[in-house]
Amino acid sequence: MGERQVEFRNVSFRYQEDMPWVLKNVNFKIGPDEWVAIIGHNGSGKSTIAKLMNGLLFPQEGEIFVDGNKVTQETVWEIRKQVGMVFQNPDNQFVGTTVRDDVAFGMENHGMPRKLMVERIQESLKAVRMGDYEHHEPHRLSGGQKQRVAIASVLAVSPTFIILDEATAMLDPKGRKQIMETVREVQQERDLSLITITHDLQEVTEASRVIVMNEGEVWTEGSPRDVFSRKERLTEIGLDTPFVSKLADHLKSEGVKLTREPLNHQELLEELWISRSTM
């Protein structure tokens, strides 16, 4: 077992014995410093994967390893130091009366020494650009600011993996973009592996790898470019593709030659310049 990775080995899960399997024989690895987006329609099992990684649920079949340690009832507290989780609704994560208390809470749970906690609170809030808000009351913050504090609380425990489970779903496009910029900066500075479970296609295009779930199974995995180049098949399993992808398809059908699947407006423009200059 290599260090610094999450591994699912033949994992199957269902919520009750008489219920259908939510995950069926799922295998994948997520390595150090990777940003992996997990996508799939509702009910495809993607949020269950997040809860299994963090030991909120345990599989009936198969095994999950974090940094070489198997996730079990006994190891779960150790695992949670490694795997931090940020959910869709930050209000459910707030426990303190001030931002500072809130960031301290996770560290108190892990029994960290006071002096280290004080340093970490400052560092973590600074990392998410919320350094000036230490003494604010969480319920007075905007949605985006609350999500930043939720991320700071996770960072303070210094995990090697951070899972964002639909963490930007309730934000407007601008708030969403800001949170993702913050997360990307933090990932690069801290050498984190990032796992985003998301509906936001823009977020998916920025990941290094995409795992597509369908009906509880890994349907495919690859780079965003690979995955989005299979538009017809993605549509068949109820997934959308980015607007730029659709536009590129339309241009191809009109006879415009593109050398690769563009992932954003910038790449599409470059492709158009290339095709124009060879006309």
Side-chain angles (χ1 to χ4, degrees), residues 1-32 34-90 92-95 105-112 150-151 153-167 169 192-199 209-221:
M1 279 292 308
E3 282 304 288
R4 288 281 308 275
Q5 67 174 12
V6 170
E7 183 181 4
F8 273 48
R9 276 190 208 167
N10 309 324
V11 170
S12 296
F13 177 85
R14 56 183 170 187
Y15 283 93
Q16 280 165 350
E17 258 181 45
D18 53 352
M19 286 174 85
W21 292 96
V22 182
L23 295 177
K24 299 172 238 178
N25 197 30
V26 170
N27 289 283
F28 62 77
K29 288 179 189 171
I30 294 171
E34 261 200 298
W35 174 353
V36 175
I38 301 178
I39 63 172
H41 55 79
N42 287 343
S44 63
K46 57 189 190 303
S47 270
T48 305
I49 286 178
K51 295 185 178 88
L52 287 163
M53 270 183 206
N54 191 274
L56 291 170
L57 301 171
F58 296 95
Q60 284 88 354
E61 290 175 14
E63 298 168 311
I64 297 160
F65 295 90
V66 174
D67 284 354
N69 298 317
K70 187 175 167 181
V71 182
T72 63
Q73 303 279 4
E74 289 70 50
T75 60
V76 72
W77 286 103
E78 277 307 303
I79 298 293
R80 283 184 194 159
K81 283 184 193 168
Q82 303 298 321
V83 183
M85 192 111 155
V86 181
F87 299 94
Q88 184 169 355
N89 186 351
N92 302 341
Q93 301 179 59
F94 285 121
V95 285
F105 180 74
M107 292 188 283
E108 277 168 355
N109 270 347
H110 290 299
M112 285 184 170
I151 292 166
S153 306
V154 166
L155 280 181
V157 181
S158 200
T160 34
F161 301 91
I162 287 189
I163 304 170
L164 300 183
D165 187 4
E166 297 284 4
L192 285 166
S193 299
L194 192 59
I195 297 140
T196 50
I197 290 159
T198 184
H199 277 97
R209 187 156 56 102
V210 186
I211 295 174
V212 184
M213 297 299 297
N214 186 40
E215 292 175 3
E217 296 177 295
V218 174
W219 183 77
T220 189
E221 56 178 298

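A side chain to side chain contact (heavy atoms under 4.5 Å, CB included) with Ile64 is found for exactly one of Asn54, Asn69, Val71, namely Val71.
Remark: side-chain polar atoms of Arg80 are paired, donor with acceptor, to backbone N or O of Gly55 under 3.5 angstrom. Using modelled atom types, one side-chain atom of Gln60 and one backbone atom of Arg14 make a donor-acceptor pair closer than 3.5 Å. A distance-only check finds a donor-acceptor pair linking the side chain of Thr75 to the backbone of Lys70 [under 3.5 Å]. At least one donor-acceptor pair closer than 3.5 Å links the side chain of Ser193 to the backbone N or O of Gly31.
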Take Phe8 and Leu52 through the side-chain contact (heavy atoms from CB on, under 4.5 Å) test and state the conclusion after the steps. CA-CA 9 Å; Phe8 273 48; Leu52 287 163; 4.1 Å; yes
Working for side-chain contact (heavy atoms from CB on, under 4.5 Å), residues Ile162 and Leu155: CA-CA 8 Å; Ile162 287 189; Leu155 280 181; 3.7 Å; yes
Going through the checks in order, is the side-chain contact (heavy atoms from CB on, under 4.5 Å) test met by Met85 and Ile195? CA-CA 9 Å; Met85 192 111 155; Ile195 297 140; over 6 Å; no
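Heavy-atom minimum distance, His199 versus Gly40: NE2-O, 4.5 Å. In terms of heavy atoms, Gly84 sits closest to Val154 at CA-CG1, 3.5 Å. Across every non-hydrogen atom of Pro59 and Ser12, the tightest pair is CB-O, 3.6 Å.
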N/O donor-acceptor pairs under 3.5 Å from side chains in residues 20-30, not counting sequence neighbours:
from, atom 1, to, atom 2, distance (Å)
Lys24, NZ, Glu215, O, 3.1
Asn27, OD1, Asn10, N, 2.7
Asn27, ND2, Asn10, OD1, 3.0

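Met53 CE to Asp165 CG: the interatomic distance, rounded to the nearest 0.5 Å, is 10.0 Å. Here OG of Ser44 is found 9.5 Å from CD1 of Ile38. Values are rounded to the nearest 0.5 Å. Between the CZ atom in Phe13 and the CG atom in Leu57 there is a gap of 4.0 Å [rounded to 0.5 Å]. Rounding to the nearest 0.5 angstrom, the gap separating the CZ atom in Phe105 from the NE2 atom in His110 is 10.0 Å. The line from CD1 of Ile163 to CD1 of Ile49 is 10.0 Å long, rounded to the nearest 0.5 Å. Remark: Asp67 CG to Lys81 NZ distance equals 13.0 Å, nearest 0.5 Å.
With sequence neighbours left out, the ring-ring contact (aromatic ring centres under 6.0 Å, His included) criterion links Phe87 to no other residue.
A 4.5 Å side-chain heavy-atom check between Val157 and Met107 finds at least one atom pair inside the cut-off.
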